[in-house]
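Quick caveat, the model's predicted, so the values are computed rather than measured. Reminder, nothing fancy here: chain letters follow the sequence lines and each chain counts from 1.
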Amino acid sequence: MSNQLRAVRGMNDLLPADSPLWQYFEATLRGWLKSYGYRELRTPILEHTGLFKRAIGEVTDIVEKEMYTFVDELNGESMTLRPEGTASCVRAVIEHNLLFEGGKRLWYAGPMFRHERPQKGRYRQFHQFGIEALGFAGPDLDIEHLLMTARLWRLLGLADCVRLEINSLGGAESRARHREKLIAYFLTHESELDADAKRRLHSNPLRILDSKNPAMQALVEAAPRLMDELDDTALAHFEAVKRGLEDAGIAYTINPRLVRGLDYYNFTVYEWVTDRLGAQGTVCAGGRYDGLVAQLGGKPAPACGYAMGVERLLALLVEVGVATPADAPDVYLVNVGEAATRFAMQAGEALRDAGLDVVLHGGGGSFKSQMKKADASGARYAMIIGDDEAVAGEVTIKPLRGDGEQQRIALAKAVEFFKLVG
RNA sequence: GUGGUGGUAGCUCAAUUGGUAGAGUCCCAGAUUGUGAUUCUGGCUGUUGUGGGUUCGAGUCCCAUCCAUCACCCCA
């Protein structure tokens with residue numbers, strides 16, 4: 001065991017027993033995305049480090065201490081495994097001039113990498129699914145995104161275990177103004193700050209508002225509020241988003257302390273959270289990032305989007321007890337004897353031509369042991385072929401589930417039989 | 001990255017104050033020599049996460065380390 005090879009910490013194998021749940025989830029996503037007109041964008045997992053530094057922000061936790069960054073020994077370039085999807089998405093949109101013909105609705109999915117201490121619902125390689133709408137001004141797409149996420153919870157049966165929190169961060173000027181007031185306020189109360197807060201005072205004072213330290217609550221409650229700094233445009237935008245939610249009957253709470261860990265957000269931010277996954281309860285988060293396209297060198301364009309943590313959503317599905325769809329074949333092909341195996345190969349192909357899912361028993365074994373495998377496979381039928389059948393060009397069909405008699409018929413008739421029973 | 005808890009067969013778990021590592025399940029074979037899911041019988045599986053230490057003797061105590069997990073932190 002000491003020399004045993006293991007997967008890298010925080011990075012998991014997806015085993016066959018679990019893949020049906022992922023496939024069910026992914027299939028649900030595809031249908032749902034199509035119904036809103038979103039189209040897939042796939043970007044490389046590896047990007048130049050500079051992209052994430054510019055997009056996410058130099059002083060964020062992600063960039064400062066969580067990125068898998070390394071030098072490509074072959075050419076000396078600094079590379080980074082993507083820690084999130086938005087930066088790559090915007091980069092690709094700019095690089096290929098996708099906004100030339102107007103706004104774009106895009107989605108992406110895949111592995112992301114952050115070097116954090118692993119915990120349930122938090123892994124070093126984890127999967128995000130996200131959507132980005134670029135080139136659309138105003139609150140329309142913010143609202144669409146919230147409506148579509150709410151629909152997804154209904155589709156997945158999760159509507160009762162997630163709740164929506166929203167906030168507005170306003171524009172850059174509002175945030176700068178608020179930041180100054182916040183620092184001034186905390187400086188006058190510096191003796192009451194805990195160690196975390198003191199550390200953040202100048203690097204990321206907004207984060208102090210997020211503190212869970214009970215001793216800090218009174219201080220935080222009385223702090224200057226960003227909402228008070230919002231200009232008319234930001235307020236009108238926020239009001240429109242709230243109205244959209246109310247029109248759709250989606251419950252929400254305004255959380256003035258909701259802050260994003262990535263620097264590119266402005267105006268609307270939101271999180272869908274659950275209390276059934278412990279400390280890793282944020283299942284979907286997003287908002288508007290109007291400045292990012294220009295910041296990354298593109299022609300200025302408004303944008304908004306969100307990302308979901310796939311592992312967390314699947315954990316929630318398991319918690320709620322979704323029926324995991326079976327992936328059993330229609331037919332398990334039992335074959336004993338050399339001639340029987342050769343005939344069974346042809347029989348299997350004939351059944352697959354007719355659209356059936358067929359597992360052919362491999363590696364020999366007695367009828368008894370093969371029948372046990374047939375049962376364990378979950379197949380509805382066993383098709384039994386011994387040398388007797390092979391010589392006659394016949395097969396024996398035995399129902400393994402429900403009623404029905406075993407019958408021995410010609411292969412061509414068997415194919416017809418399966419076409420009928422589906 | 002910080003602190004707490006835990007790690008025994010493929011899986012779920014036992015093992016008295018330190019004294020011979022066990023059960024269920026799974027898998028394999030047979031009862032039923034061409035037929036599963038029930039029943040009965042028999043069989044296989046372990047450097048007790050890893051490496052040190054204390055001891056006549058360590059799954060059990062000590063140290064380190066790895067992994068998981070809970071909270072912090074962070075975030076999806």
Colleague: If you measure from the Lys or Arg side-chain nitrogens to the Asp or Glu carboxylate oxygens, is any gap between Glu221(A) and Arg257(A) under 4.0 Å?
Modeller: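 Yes.
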Colleague: Provide the full list of ring pair (Phe, Tyr, Trp, His ring centres under 6.0 Å) pairs with a residue in residues 391-411 of chain A, sequence neighbours left out, each pair given once.
Modeller: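 Qualifying pairs: none.
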Colleague: Regarding Gln280(A), tell me which of base, sugar-phosphate or nothing describes its non-hydrogen contacts under 4.0 Å with the strands shown.
Modeller: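 Base contact.
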Colleague: Under 4.0 Å, heavy atoms only, any strand: does Gln119(A) hit a base, just the sugar-phosphate, or nothing?
Modeller: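 Result for Gln119(A) = base.
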Colleague: Just by protein heavy atoms under 4.0 Å, how would nucleotides 3-12 of chain B read 5' to 3' in B, S and -?
Modeller: B---------
Colleague: My understanding is that only residues two or more places apart in sequence, or in another chain, count here; which of them pass side-chain hydrogen bond (donor to acceptor under 3.5 Å, both in side chains) with Tyr289(A)?
Modeller: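 Per chain and number, Tyr289(A) pairs via side-chain hydrogen bond (donor to acceptor under 3.5 Å, both in side chains) with Glu132(A).
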Colleague: Tell me, please, which residues at least two apart from Thr274(A) pass side-chain hydrogen bond (donor to acceptor under 3.5 Å, both in side chains).
Modeller: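 side-chain hydrogen bond (donor to acceptor under 3.5 Å, both in side chains) check on Thr274(A) returns nothing, list empty.
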Colleague: Which residues pass the side-chain hydrogen bond (donor to acceptor under 3.5 Å, both in side chains) test with Arg352(A), not counting sequence neighbours?
Modeller: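 Glu349(A).
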Colleague: Please give the stem ranges for RNA chain B, sorted by first residue number, where a stem is three or more consecutive Watson-Crick or G-U pairs and both donor-acceptor distances are under 3.5 Å.
Modeller: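 Listed by first number, the stems are B:1-7 with B:66-72, B:10-13 with B:22-25, B:27-31 with B:39-43, B:49-53 with B:61-65.
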Colleague: Describe the nucleic acid contact of Ala307(A) in one word from base, sugar-phosphate, nothing, applying a heavy-atom distance below 4.0 Å.
Modeller: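 Contact class for Ala307(A): sugar-phosphate only.
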Colleague: Under 4.0 Å, heavy atoms only, any strand: does Gly10(A) hit a base, just the sugar-phosphate, or nothing?
Modeller: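 The answer is sugar-phosphate, as Gly10(A) gets under 4.0 Å only of primed atoms, P, OP1 or OP2.
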Colleague: Give every donor-acceptor pair under 3.5 Å between a side-chain atom in residues 184-192 of chain A and any protein atom, sequence neighbours left out.
Modeller:
residue   : atom : partner   : partner atom : Å
Tyr185(A) : OH   : Leu219(A) : O            : 2.7
Thr188(A) : OG1  : Tyr185(A) : O            : 2.6
His189(A) : ND1  : Tyr185(A) : O            : 2.9

Colleague: Any N/O pairs under 3.5 Å between the protein and nucleotides 26-36 of chain B? List them or say none.
Modeller:
residue : atom : partner   : partner atom : Å
C28(B)  : OP1  : Lys373(A) : NZ           : 3.4
G34(B)  : O6   : Asp388(A) : OD1          : 3.4
G34(B)  : O6   : Asp388(A) : OD2          : 2.3
G34(B)  : O6   : Glu389(A) : OE1          : 3.4
G34(B)  : N1   : Glu389(A) : OE1          : 2.7
G34(B)  : N1   : Glu389(A) : OE2          : 3.1
G34(B)  : N2   : Glu389(A) : OE2          : 2.8
U35(B)  : O2   : Lys398(A) : NZ           : 3.2
U35(B)  : O2   : Gln406(A) : OE1          : 3.4
U35(B)  : N3   : Gln406(A) : OE1          : 3.1
U35(B)  : N3   : Gln406(A) : NE2          : 3.0
U35(B)  : O4   : Gln406(A) : NE2          : 2.7
G36(B)  : O2'  : Asp375(A) : OD2          : 3.4
G36(B)  : N7   : Lys398(A) : NZ           : 3.4
G36(B)  : N1   : Leu400(A) : O            : 3.3
G36(B)  : N2   : Asp375(A) : OD1          : 2.9
G36(B)  : N2   : Leu400(A) : O            : 2.4
G36(B)  : N2   : Arg401(A) : NH1          : 3.1
G36(B)  : N3   : Asp375(A) : OD1          : 3.3

Colleague: Looking across every strand, which nucleic acid part, if any, lies under 4.0 Å from Gly130(A) by heavy atom: base, sugar-phosphate, or nothing?
Modeller: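 Nothing: the residue Gly130(A), judged by heavy atoms under 4.0 Å, touches no strand.
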Colleague: Count the heavy atoms of every other residue, nucleotide or ligand shown that sit under 6.0 Å from CG of Asp160(A), and state whether that count exceeds 12.
Modeller: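 Not buried by this count: 12 neighbours or fewer within 6.0 Å.
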Colleague: Would you please name every residue forming a side-chain hydrogen bond (donor to acceptor under 3.5 Å, both in side chains) with Lys181(A), sequence neighbours left out?
Modeller: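 Applying side-chain hydrogen bond (donor to acceptor under 3.5 Å, both in side chains) to Lys181(A) gives Glu229(A).
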Colleague: Ring pair (Phe, Tyr, Trp, His ring centres under 6.0 Å): which pairs involve residues 48-67 of chain A, sequence neighbours left out?
Modeller: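 Listed once each, the pairs would be none.
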Colleague: Using the side-chain hydrogen bond (donor to acceptor under 3.5 Å, both in side chains) rule, collect all pairs that involve residues 17-36 of chain A, keeping only residues at least two apart or in two chains.
Modeller: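 Checked against side-chain hydrogen bond (donor to acceptor under 3.5 Å, both in side chains) - neighbours excluded - the pairs reaching residues 17-36 of chain A are Tyr36(A)-Arg151(A).
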Colleague: Sequence neighbours excluded, which residues qualify as salt bridge (charged side-chain N to carboxylate O under 4.0 Å, His left out) partners of Lys242(A)?
Modeller: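 Glu239(A).
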